[in-house]
Amino acid sequence: MTPRYVLLRLGGLVTTLLLSSMLIFSSLYLAPGSPENVIFGNRTPSPAARAAVRHQLHLDRPLPVRYWDWLTGVLHGDFGRSMVTDQSVSSRVGSGLGTTLSLVAVAAVLIAVLGLALGIAAALKPGFVDAAVNLFTSVSVAIPPFVAASILVSIFSIKLGWFPATGLPDGFWGHLRGLVMPAFSLALISCGYLARVTRNALREQLAKEHVQTAVGRGLPRRVVIRRHALRGALPPIITVIGLQIAGLFAATLIVETAFGIPGIGRLTVQSVSQKDFPVVQAVALLLVAAFVVANTVTDLLQAAVDPRLRTAGRTA
Amino acid sequence: MLELNDLDVALRVGGRMRRVLSGLSLSVAAGEAVGLVGESGSGKSMTVRAVTRLLPEGAAVSGRIRFDGRDVAAMDAPALRRYRDRDVGMIFQDPRAHIDPTYRIGSFLTEALRVNRGVGPAAARRQATELLAAVGIDDPERRVRQYPHEVSGGMLQRVMIASVLAAEPRLILADEPTTALDVTIQAEVVAILDRLRRDRGIGMLFITHDLDLALAICDRVAVMYAGSIVEIRSARDLHRSACHPYTVGLLGSRPSIQARVDKLVAIPGRPVSAFEAPPDGCAFTDRCAHAEPDCLHGRPALEPFNDGLVRCRRVADLAVLAESRPESPAAPPSEPAAKSVVEPPAESPAEEGTQP
């Protein structure tokens, strides 16, 4: 991979983040309902009190200036203060960030391991295994996370009592135990999707001429599959994993609320309903950042596995 | 060394079995080059695929394929891998499709050595550069680090040839190795393949639709029609005294590059595959100028005639006919044309080495 390619991708990442931060900042203030109303609630303030609050929130300054102040703050790690609790936004967000990241990480591992295993098994074993995987994927892609959540809770928490229905127990193992079911609900759809893509990509590769060359050279079957068929199937697989992981961050809104997990997703839902503008801005930016970073990593991995992408653009 | 005996192959196409080879018998001795010539659909490629057991899934094979007396169909997985690794090497038609695009050329060249024979990376690398130099590629040190998409098709086919030579097989199966290349490159690649094969005493089964090419580099040439062989004889004899009407027609339909012709000669009708041929009688009957009603009954056998084998029940009559009329229109004398098409490949290797 050329350094130039990496720099181009990173430049794209920064530009996207900057543009989306502008969009997030301005769209919140263009939405109906002025932020200071959150503070006054049902009371009707005197014009003087309103002006004082607006001044304190810097709402009396022009939008570009406010954006600039916010952006420079963000770059220094200062996302402002919550309008509801008056805590600093970074501390509110920071406490949930680790939880959400570990939830997404567990879900991502589940997706990659289960999705790949099922897809590979289906591609290599036509007949019963293929049909069984096909049935599983058809069902799993039709179950949205909130339905999966209630099914899992009724079986594993209420009937069997293996995992907590809500909240995170203390300690590392407690955390992990609490994350299993939310991660599973998150992973189910993506897992089925990845299994399908893996199966089809691998089947397609197994029929390729260069795979035939490898077989014709007397290479053992596992080498042919690993080095040639799977290697060739990686681009679509990486794309799907990258997109699905990026999408997981959005799905945490539902799953964290359903399982009472104190992460970013639940914080977003709470802050939106309380109209806590600075917090919503911060988490929205984080979600976008997660998405953009996941996409950039996907692109870089693509170029790492397919040499033809690396030189594209440099030579004809 | 290689013996095919009464080989029948049928492929599953849309749920139905279609016969592509019927009663094919052929042998290749150690160090010998045998050309397998025929039009599209005659079953040439399926023959080499059957030899390496690379037929598509669901293919039905009967008859015998023996290599050094060993039954290829009966080999278990390890024996089959060993046979593919050590005994036969396959050069495919389209190197662009048949070489994995995600690995460097050096890795492709040495993969079989490293995986199958445990050759160390340094030794494998040295061997890779030597082989690239042997097939006439300049600056092999740089080439082994390049990816397939960074080099030309002609160079890639030379890489494929080098990769087959790396395994030092006893028999090379070349399936139209130059058809996908530019005409100017074709001659060069064939010349390299021919020279390296002879130097190393490797046998070759050379599949082509180009009769002149086969005559130029092979010891014997087998002509295929509708999934079986209609004539085999030495390249020298075939050229002068072809006996089967189809072979005669093929020889006659090559355009001469010395005389301008207004209309190209062609064999009337279109080639048929084994599954399209009538179940009884000679498959070539409906395109044959010498067919008689009797030709429609009973499949003629491949029988010795004039130091070769011919599958035609009228072969003796036709020989007499040809003798009485040496200027037979069915077989225009065309030796000069054949030579001139073929000569450039035979000479280019010398120039190859001197190029900067």
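Throughout, protein chains are lettered first and strands after them, A, B, ... in sequence-line order, and every chain is numbered starting at 1. Every value quoted in this text rests on a predicted model; they were computed, and no experiment measured them.
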Contacting moiety of A:Val211, where chain B heavy atoms sit under 4.5 Å: neither
What is the minimum heavy-atom distance between B:Arg81 and A:Gly218, and which atoms define it? CD-O, 3.3 Å
Is it true that atom CZ of A:Phe184 has more than 12 heavy atoms of other residues, nucleotides or ligands lying nearer than 6.0 Å? no
Check the surroundings of atom CZ in B:Arg70: do more than 12 heavy atoms from other residues, nucleotides or ligands lie under 6.0 Å from it? yes
Give the member of A:Ala207, A:Gly216, A:Ala214 that has the highest number of heavy-atom pairs under 4.5 Å with chain B. A:Gly216
Below 4.5 Å, heavy atoms only, C-beta onward: do A:Arg227 and B:Ser107 meet side chain to side chain? yes
Stepwise side chain to side chain contact (heavy atoms under 4.5 Å, CB included) check, A:Leu219 with B:Arg84: CA-CA 9 Å; A:Leu219 298 177; B:Arg84 285 167 170 169; over 6 Å; no
For B:Ile99, is it the side chain, the backbone, both or neither that has a heavy atom under 4.5 Å from a heavy atom of chain A? backbone
Answer with side chain, backbone, both or neither: which region of B:Arg49 has an atom nearer than 4.5 Å to a non-hydrogen atom of chain A? side chain
A:Arg226 atom CZ: more than 12 heavy-atom contacts under 6.0 Å: yes
Can you tell me how far the CG atom of B:Asp100 sits from the CZ atom of A:Arg231, to the nearest 0.5 Å? 7.5 Å
Could you tell me which portion of B:Thr52 (side chain, backbone, both or neither) has an atom closer than 4.5 angstrom to a non-hydrogen atom of chain A? neither
A:Pro307 versus B:Pro101, closest heavy-atom pair with distance: CG-O, 3.3 Å
Between A:Thr213 and B:His98 (side chain of the first, backbone of the second, donor and acceptor by atom type, cut-off under 3.5 Å), is there such a pair? yes
Chain A heavy atoms under 4.5 Å from B:Arg117: which part of the residue, side chain, backbone, both or neither? neither
Less than 4.5 Å apart, side chain to side chain, heavy atoms only: is that true for B:Asp94 and A:Glu209? no
What part of B:Ala167 gets closer than 4.5 Å to chain A, counting heavy atoms only: side chain, backbone, both or neither? neither
Show the nearest heavy-atom pair for residues B:Leu54 and A:Val215, with the distance to one decimal. CD2-CG1, 3.7 Å
Sort B:Tyr83 into side chain, backbone, both or neither according to what part of it lies under 4.5 angstrom from a heavy atom of chain A. neither
Flag yes if more than 12 heavy atoms outside B:Arg125 fall under 6.0 Å of its CZ atom; otherwise flag no. no
Chain A contacts, top residue of B:Arg82, B:Glu111, B:Met160 (heavy-atom pairs, under 4.5 Å): B:Glu111
Taking the side chain as everything from C-beta on, heavy atoms only, tell me whether A:His210 gets closer than 4.5 Å to B:Phe108. no
